[in-house]
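Remarks on the structure that follows.
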Amino acid sequence: MLDIKFIREHPDEVREGCRKKGVDVDLDRLLEVDEGRRKVLMEVEGLRSQQKRMSKEIYRKKGESGQPAGIDEMRDLKAQLKDAEKQLRPIEDEFHTLMGIVPNLPLPEVPEGRDETENVVVREVGQRPTYDFTPRDYMKIAEGLDIIDTKRAAKVSGSRFGYLKGASVLLEFALVRLAIDTLMEEGFIPVIPPVMLNYKAMDGMGYLTRGGSEVYQVEKDDLYLVGTSEQSLGAMHMSEVLDQGDLPRRYVGFSTCFRREAGSYGKDTKGILRVHQFDKVEMFSFCEPEKSRDEHDFILEMEEKLVRMLGIPYRVVQMCGGDLGDPAADKRDIECWMPGMGEYRETHSCSNCTDFQARRLNVRYRARGQGSGGTKLRFVHTLNGTAYAIGRIIIAIIENFQQADGTVLIPDVLKGPMGGIERIGR
RNA sequence: GGAGGGAUGGCCGAGUGGAUGAAGGCGGCGGUCUUGAAAACCGCUUCUCCGAAAGGAGACGGGGGUUCGAAUCCCUCUCCCUCCGCCA
């Protein structure tokens, strides 16, 4: 959610931001409704003011001569007030609906562009491995090693599911532990959050407006399955006031993620690259507004560190305006090199959502002012970033460290947590 | 699933129809004292919306009702807690 005052005072900036994101919002209608709303609001408040005054008058004169005067007029006034309030309601409803569909504005430095084809590669890091054989696709290797089984998953669940088995399970736990240990050293608080959220929390994170079809809903209980623990981590401090001294407040969450993948029919249908259910370690940060750009850099730095630790070559990609979701003001991805596929594939993503989610969720902090003024409430900024999306990192490990004989070498940092084994074989 | 209790400011907690936006405490901010700090003492401190301002309105979990007037009475929904049952 944006600030209506900001929209009112900078309509062109908002229009420009929506254009850059490629989102069509009827701003003129919003401004018109806002104006009407304020007019009716003033009327209602005027009537209420009058009612209050008269009511006090009646109270003051109570003791005097029997039935107090003015009660009949009050009944009239009340009817009038009810009328005005009834008029206000649909206006308020439309106002909130329109406010809800205005996306966050992209930061000025976000490049122009319609979709992912116009994202900008910022840098490439690491040496791509060379092979004296033709590198295979990860699923071929994984099936050979019997560590990923999508066929049986299809039998019991449908397409876009998978069983991780044997060494891939150990790999998952090792990765989770590595991510949590690494991030705890940086002050992140580890969290295992709920994977089901109520409407208020899910809507507050801004993923039901556009992209709502991605979300699984448990209708009977009116709950939503998270697509990422970002959603439950961000909503954790809903309606709270944080202390300035506690910022930035950084969490590392581990959870299963659920995505309907509606609209991606035919895309990445094989294997576990794009599935309905996967596990992910995720970073989330609440910080002061002035510091969110730095915090964004910091989260990207953590992501790169985690990828470098594994020794996987990658590139950093700056999202263009058209490829940002509703809540993001800025977003950068990491794409890992996948030798089997012969291309870079997205494994990480970090976004600065500025105060967009904080406004919707009402997450504020008490800012210490100098002098006698004391303190002031302000909205925090929220940021999120992938630590490890387990499935995709397993893919990257298999593809990058595959051997001619179909085995996979284990990155040094993972050997210990995997019980000292050097490679995955049969 | 059954029975009961509860939801008030940043937090705890009083308040059962009228000047209460809300006692008291904690916390926070400022000050006195001190070499400095702590303690003690004094003062200030709810938030949101409308308005250029003066000022006005709203908010005691959400929604509705009764009343001239509701934190306070009634209805309803949600959430939390306790006990019993079931259960990983």
Side-chain angles (χ1 to χ4, degrees), chain A residues 1-9 30-96 98-100 192 194-204 218-224 232 235-247 249 256 286 288 355 358-380:
Chain A
M1 182 129 53
L2 299 186
D3 182 358
I4 182 60
K5 277 187 211 143
F6 181 86
I7 299 177
R8 216 182 280 149
E9 285 158 24
L30 173 60
L31 290 169
E32 189 183 307
V33 171
D34 175 49
E35 205 179 314
R37 168 183 148 263
R38 285 185 291 159
K39 218 175 102 199
V40 180
L41 195 63
M42 283 211 276
E43 200 179 308
V44 168
E45 286 183 2
L47 286 169
R48 274 205 277 248
S49 175
Q50 207 177 326
Q51 185 189 46
K52 256 169 111 163
R53 223 174 321 117
M54 284 170 76
S55 175
K56 279 180 188 176
E57 191 72 6
I58 289 170
Y59 176 61
R60 216 162 42 78
K61 288 201 223 151
K62 204 164 55 172
E64 309 167 10
S65 63
Q67 199 58 274
I71 290 192
D72 287 345
E73 290 138 76
M74 282 295 280
R75 292 215 171 95
D76 278 359
L77 189 64
K78 206 162 92 171
Q80 235 179 308
L81 182 60
K82 245 186 186 142
D83 228 51
E85 280 171 340
K86 211 163 106 191
Q87 203 187 334
L88 185 61
R89 194 165 319 189
I91 299 176
E92 290 274 10
D93 286 349
E94 186 177 1
F95 175 70
H96 286 119
L98 289 169
M99 282 298 282
I192 296 179
V195 294
M196 292 191 212
L197 297 178
N198 60 29
Y199 175 81
K200 205 173 157 199
M202 190 56 103
D203 182 57
V218 184
E219 267 179 69
K220 217 170 168 182
D221 297 284
D222 200 22
L223 289 168
Y224 298 81
S232 33
M236 182 161 55
H237 291 300
M238 180 162 75
S239 311
E240 288 185 27
V241 176
L242 304 174
D243 201 81
Q244 184 168 25
D246 287 342
L247 301 178
R249 172 97 52 121
T256 300
F286 298 87
E288 292 170 61
D355 62 357
R359 271 179 201 285
R360 296 175 68 110
L361 291 163
N362 196 25
V363 183
R364 293 173 296 174
Y365 74 102
R366 194 165 288 282
R368 309 231 175 295
Q370 286 90 324
S372 60
T375 59
K376 204 175 127 197
L377 291 177
R378 302 178 70 198
F379 288 107
V380 298

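In what follows, every chain begins at residue 1, and chains take the letters A, B, ... in the order their sequences are listed.
Heavy-atom neighbours of E219(A) CD from other residues, nucleotides or ligands within 6.0 Å: at or below the threshold of 12. Other residues, nucleotides and ligands contribute over 12 non-hydrogen atoms within 6.0 Å of the CE atom of M238(A).
In this structure, CG on L197(A) lies 5.0 Å from CE on M202(A), to the nearest 0.5 angstrom.
Contact between the side-chain N/O atoms of R37(A) and the OP1/OP2 oxygens of C49(B) is not found at any separation under 4.0 Å. Taking side-chain N and O atoms only, R8(A) has a distance below 4.0 Å to OP1 or OP2 of C50(B). Look at R38(A) and you'll find a side-chain N or O under 4.0 angstrom from OP1 or OP2 of G51(B). Not one side-chain nitrogen or oxygen of R48(A) sits closer than 4.0 Å to the OP1 or OP2 atom of G56(B).
In summary, D83(A) and K86(A) do not engage in a salt bridge, as defined by a charged side-chain N under 4.0 Å from a carboxylate O. A salt bridge links D34(A) to R38(A): at least one charged side-chain nitrogen sits closer than 4.0 Å to a carboxylate oxygen.
Looking at heavy-atom distances under 4.0 Å, K5(A) makes contact with sugar-phosphate atoms alone, never a base. Residue contacts shown for E240(A) are absent, as no nucleic acid heavy atom lies under 4.0 Å away. Heavy atoms of R359(A) sit nowhere under 4.0 angstrom from any nucleic acid atom. Within the 4.0 angstrom heavy-atom criterion, only backbone atoms of the sugar-phosphate kind lie near L377(A); the bases stay farther away. Using a 4.0 Å heavy-atom distance criterion, K78(A) is classed as a base contact. At the heavy-atom level, R89(A) lies under 4.0 Å from the strands shown only through sugar-phosphate atoms.
Of the C1' atoms belonging to G13(B) and G63(B), the separation is 27 Å, rounded to the nearest Å. Look at the P atom in both A70(B) and G58(B): the space between them is 9 Å, to the nearest Å. Across the C1' atoms, A57(B) and C11(B) are found 28 Å apart, a figure rounded to whole Å. When the C1' atom is used for both A3(B) and G85(B), the distance is 11 Å, rounded to whole Å. Using C1' as the reference atom, C26(B) and C44(B) are 16 Å apart when rounded to the nearest Å. Using P as the reference atom, A71(B) and U66(B) are 16 Å apart when rounded to the nearest Å. C77(B) sits 16 Å from G6(B) when the C1' atoms are compared, rounded to a whole Å. Rounded to a whole angstrom, the distance from the C1' atom of A7(B) to that of A59(B) is 15 Å.
Going from atom CD of E9(A) over to atom C1' of C50(B) covers 14 Å, rounded to whole Å. Remark: P of C68(B) and CE of M54(A) are 12 Å apart, rounded to the nearest angstrom. Residue K376(A) contributes atom NZ, which lies 23 Å from atom P of G9(B) at whole-angstrom precision. K39(A) has its NZ atom 19 Å from the C1' atom of A57(B), to the nearest Å. The CD atom of Q51(A) sits 7 Å away from the P atom of A70(B) (whole-angstrom rounding). Per the geometry, CD belonging to E45(A) stands 4 Å off C1' belonging to A57(B), to the nearest Å. With rounding to whole Å, L77(A) atom CG is found 13 Å from A57(B) atom P. As rounded to whole Å, 19 Å separates atom P of C77(B) from atom CG of N198(A).
With a cut-off of 3.5 Å on both pairing distances, the Watson-Crick or G-U wobble partner of A57(B) is U48(B). Across all strands shown, G4(B) forms a Watson-Crick or G-U wobble pair with C81(B), both key distances being under 3.5 Å. G43(B) is paired with C29(B) under the criterion used here, namely a Watson-Crick or G-U wobble arrangement in which both key atom distances are under 3.5 Å. Searching all strands for a Watson-Crick or G-U wobble partner of A38(B) with both distances below 3.5 Å returns nothing.
When distances are taken from the side chain of I58(A) to each of G10(B), C68(B), C50(B), the shortest belongs to C68(B). Candidate nucleotides C50(B), G58(B), G10(B) were compared by shortest atom distance to the side chain of R366(A), and G10(B) ranks first. Distance from the side chain of L41(A) is smallest to C49(B) among C68(B), A57(B), C49(B). Closest to the side chain of S55(A), from the set C50(B), G69(B), A57(B), is G69(B). When distances are taken from the side chain of K52(A) to each of A57(B), G51(B), C47(B), the shortest belongs to A57(B). Each of C49(B), C47(B), G56(B) was ranked by its minimum atom distance to the side chain of S49(A); first place goes to G56(B).
Using the six-membered ring where Trp is involved, Y224(A) and Y199(A) have ring planes that are tilted, between 30° and 60° apart.
Using a 4.5 Å cut-off on side-chain heavy atoms (C-beta onward), V33(A) and I91(A) make contact. Side chains of F379(A) and D3(A) form no contact here, defined as non-hydrogen atoms less than 4.5 Å apart.
Comparing K56(A) and R53(A) against RNA chain B, the residue whose closest nucleotide sits nearer the 5' end is K56(A). Between D243(A) and Q50(A), it is D243(A) whose nearest contact on RNA chain B lies nearer the 5' terminus.
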